[in-house]
Trainee: 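Below you'll find the structure I mean.
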Amino acid sequence: MTMISQDEIVSNAKTVTKGLEALRQEHESILGGIKSSLEHADLGAENTLIQEKCNLMERSLEMIELGLGEAHVMAALAGHLQAVEAEKQKLRSQVKRLCQENAWLRDELASTQQKLQASEQNSAQLEEDKKHLEFMNSIKKYDADVPAEVENSTSDMGASVASSVMDTSKDTMAELFQDEGEEGVTGVSTGGGSGSPTPPSQYAQQANAGYEIPARLRTLHNLVIQYASQGRYEVAVPLCKQALEDLEKTSGHDHPDVATMLNILALVYRDQNKYKEAANLLNDALAIREKTLGENHPAVAATLNNLAVLYGKRGKYKDAEPLCKRALEIREKVLGSDHPDVAKQLNNLALLCQNQGKYEEVERYYQRALEIYESKLGQDDPNVAKTKNNLASAYLKQGKYKEAEILYKQVLTRAHEKEFGSIDDKNKPIWQIAEDREENKNRKDNLPYGEYGGWHKAAKVDSPTVTTTLKNLGALYRRQGKYEAAETLEDCALRSRKEALDVVKAGKGGRGEKIRSSSKERRRGSRESLTDSVHYEGDDNPGIKTKIFHALGLNS
C-alpha cells in the first residue's frame, strides 16, 4: 500500500466532507418526504414499512453526521500539525543561530584566553626583572667599591625593562583595536542581510528598522555605551575615535560601519552638550548611509531623527522640522503608516511644531499617533497615556482647558480600572474623589484625603505618567479655582512620589545609589531627548544606552 502525504489526506478529507454534506442534504429531504407521507398514510402494513424506512434513513443520517464530525476533526488536526511544523522550523532556525553565536563566543574566548596567558607570562617576566633589580639595589649598600659602570648598566637595565613594558602595552592596545576593526569588516551586514546574527523573529519584528551592528563590532559598541552611561566620556570618546580610525583603514570612509560609529560618537557628544561636533558627525553619517544604503533606508531615517533632535536642542526648530518630516516619510514607506515607530516619529514632529506654535499640526500629529498606539499596542500601553498627556499639554497652551481635562481624566480613569477594577459608587477614581471633596468642602464631615484609602499606590515606580497627570490636572483645577480638588490631587502625587523614592531606596539603597543620583544630576541637562518621542513634565528620561539603541534603530 502506497503512503500518501499529509496534504493529500487533507485534500481527500475536504472532498469527502463536501460529498457527505451533499448526501446529508439529500437524506434530510428524503426523510422529510417519508415523514410527510407517513402522516397522510392509512394505518396498516404499508404504514409499518414506511416507518422502517424512516428509521433506516435516520440511522443513515446519524452515520453521515458522525462522518462529517470526524472529517472536521481531521481538518482541525491537520491545521494543528501545520502550526506545530512551523513552530519546529522556527525553533530550528533559532537553534542554528544560537550554535553560530556559541561558535563565535568560543572563538572569542579562546582568543581572550591566549591573550590572558601571554599577559600572565609577561607579568611573571616583569616580576622576575623587578626582583633582580631590587637585589642589585640591595647589593649597593654593602659594596661601596662598585664601579660606576655597574651602576650605569643597572640603570640602563631598568630603563630597558620600563621601555619594554610601555612597548608591550602599546602593542597590546593596538592589537585589540586591530582585531575589532577587522572583525567589524568581516561581519558587516548591509541592512540586516543573511550574515547578521540577529534572530529571524526579532528581524521580522523590527521590519528592517535600521542598520544592524555586526556581531564582532558589537563588543566595542557595548563598551562605549557602558562607559558613556557611567558618564566616563574621557574613556568612551577615545574608544570611538580609535574604532573609527581602524574601520576607515580597513573598510574606507564610505562604509555603513563607519556611519554607525559616527552615530554613536555623535550621541556621546550630544550628551556632553557638544552640539556643533555632534552635528558635523551626524551629517557625515547621513551622507555615508544615503550613499551606501539608499535614501529610503530605515537607518537614514534614524540619522535624520537624531539630527532633528540635535537641532531641536539648539532651538533650531525650523531646521529640525523638515528633517523630522523626511524621517517620517521613510518610516511610513518602509514600515507602514500604522507602525508604532511611525507614532514615535509623529510625537517628535508634534513637539517640534508645538515649539513653533503650529497647534493645528500638533493636534493632528498627536491624534494620529494616539490612534496608532491604541490600535496596535492597546489601551493599556504606556505610550497611550504619555501621548494623551502630550496632547493635553498642547490643549492647555491653547487655552482649551475642557479638552485637556477630558484627556487627563481618561488617563487617571484607565489607571484606576487597571489597578482596582471597574468603577462604581464605592470604587471611584481619584479625580471623582477630588471633585466630590470640592463640592463638599464646606461640610464638617469632609474628611482628609488620607481617609479615602491609598489610591496613590496606583502611581507606582514604573508608572510616572500617572504622577505627572495628577500634577497637571491639579494645576488645571487650581487655575479653575477648584482649590480643594487641586490639593487632593497634589497630595496624591506627593504620596506616590514619596512611595516611589522609598521603593527605590529600599531596593538599591546605600552608597551606590548616592553615586548614581549624583551622576544623574550631572547629566540631567543633557539627557532630555526627543529620541524616545515622549514629552511630559516631571518625568525621568531614559538612559543613554536606551537612547543610543533607539537612535540606531536597534533593540536594546
Side-chain angles (χ1 to χ4, degrees), residues 94-139 153-189 195-199 212-251 255 257-258 260-261 264-265 268 512 545 548 554:
Q94 290 180 356
V95 169
K96 183 177 179 181
R97 189 264 305 168
L98 288 173
C99 291
Q100 293 175 351
E101 197 155 326
N102 284 338
W104 174 77
L105 288 173
R106 282 196 294 270
D107 294 341
E108 287 291 317
L109 180 60
S111 175
T112 305
Q113 287 176 341
Q114 291 177 358
K115 292 176 182 178
L116 177 61
Q117 187 177 3
S119 299
E120 289 176 347
Q121 292 176 355
N122 190 19
S123 176
Q125 182 63 38
L126 291 175
E127 191 68 28
E128 290 297 324
D129 292 341
K130 178 184 175 183
K131 291 180 180 179
H132 178 68
L133 289 174
E134 290 176 350
F135 173 73
M136 294 296 292
N137 287 330
S138 64
I139 291 178
S153 65
T154 304
S155 61
D156 291 339
M157 182 183 296
S160 64
V161 170
S163 63
S164 66
V165 172
M166 293 298 293
D167 293 340
T168 303
S169 64
K170 288 180 181 178
D171 292 340
T172 305
M173 185 69 72
E175 181 184 357
L176 283 171
F177 279 110
Q178 185 65 28
D179 287 345
E180 294 290 345
E182 293 173 359
E183 290 165 3
V185 175
T186 57
V188 66
S189 169
S196 172
T198 304
E212 292 291 332
I213 296 180
R216 297 183 179 274
L217 188 61
R218 198 173 299 150
T219 303
L220 180 60
H221 167 261
N222 291 337
L223 274 177
V224 172
I225 291 177
Q226 179 182 353
Y227 286 126
S229 63
Q230 296 171 358
R232 300 176 62 184
Y233 302 115
E234 71 278 3
V235 181
V237 172
L239 273 177
C240 273
K241 289 183 176 179
Q242 182 66 48
L244 273 173
E245 184 180 346
D246 293 337
L247 283 172
E248 288 179 346
K249 286 181 180 178
T250 56
S251 306
H255 193 276
D257 291 350
V258 175
T260 299
M261 293 308 299
I264 297 172
L265 183 56
V268 174
K545 184 170 183 178
I548 289 179
L554 299 169

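All residue numbers refer to positions in the sequence shown, counting from 1.
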Trainee: Look up atom NZ in Lys130 and atom CG in Leu126, then write down how far apart they are to the nearest 0.5 Å.
Mentor: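 Separation between the atoms: 10.5 Å.
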Trainee: Please lay out, stage by stage, how Glu127 and Lys131 fare under the test salt bridge (charged side-chain N to carboxylate O under 4.0 Å, His left out).
Mentor: CA-CA 6 Å; Glu127 191 68 28; Lys131 291 180 180 179; 5.2 Å; no
Trainee: Look only at the side chain of Ser123 and the backbone of Ser119, and say whether a donor-acceptor pair between them is shorter than 3.5 Å.
Mentor: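 Flag not set: sc Ser123 to bb Ser119 has no pair under 3.5 Å.
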Trainee: Given the rule in the salt bridge (charged side-chain N to carboxylate O under 4.0 Å, His left out) test, do Glu245 and Lys241 qualify, once you have shown the distances and angles that lead to the verdict?
Mentor: CA-CA 6 Å; Glu245 184 180 346; Lys241 289 183 176 179; over 6 Å; no
Trainee: In Å and rounded to the nearest 0.5 Å, what is the CD to CE distance from Gln242 to Met261?
Mentor: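 That separation rounds to 10.5 Å.
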Trainee: If I take atom CG from residue Leu244 and atom CG from residue Leu239, how far apart are they, to the nearest 0.5 angstrom?
Mentor: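 Separation between the atoms: 11.0 Å.
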Trainee: Working to the nearest 0.5 Å, report the span between CG of Asp246 and CG of Asp257.
Mentor: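 Asp246 CG to Asp257 CG: 12.5 Å, rounded to 0.5 Å.
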Trainee: Look up atom CD in Glu234 and atom CZ in Arg232, then write down how far apart they are to the nearest 0.5 Å.
Mentor: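 Nearest 0.5 Å value for the CD-CZ distance: 6.5 Å.
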Trainee: Going through the checks in order, is the side chain to side chain contact (heavy atoms under 4.5 Å, CB included) test met by Gln100 and Trp104?
Mentor: CA-CA 6 Å; Gln100 293 175 351; Trp104 174 77; over 6 Å; no
Trainee: Quick one: does His255's side chain get under 4.5 Å of Leu247's, heavy atoms only?
Mentor: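 No, too far: nothing below the 4.5 Å cut-off.
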Trainee: Using modelled atom types only, decide if a donor and an acceptor are shared between the side chain of Ser229 and the backbone of Gln226 within a distance under 3.5 Å.
Mentor: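 Yes.
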Trainee: Over all heavy atoms of both residues, which pair between Ala236 and Ala228 is shortest? Give the atoms and the distance, please.
Mentor: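 For Ala236 and Ala228, the tightest heavy-atom pair comes out as CB-N, 4.0 Å.
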Trainee: Rounded to the nearest 0.5 Å, what's the gap from CG on Leu116 to CD on Gln121? Could you check?
Mentor: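 Output value for this atom pair is 10.0 Å.
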Trainee: Between the main-chain N or O of Leu98 and the side-chain N or O of Asn102, is there a donor-acceptor pair closer than 3.5 Å?
Mentor: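 Checking the backbone N and O of Leu98 against the side chain of Asn102, a donor-acceptor pair under 3.5 Å is found.
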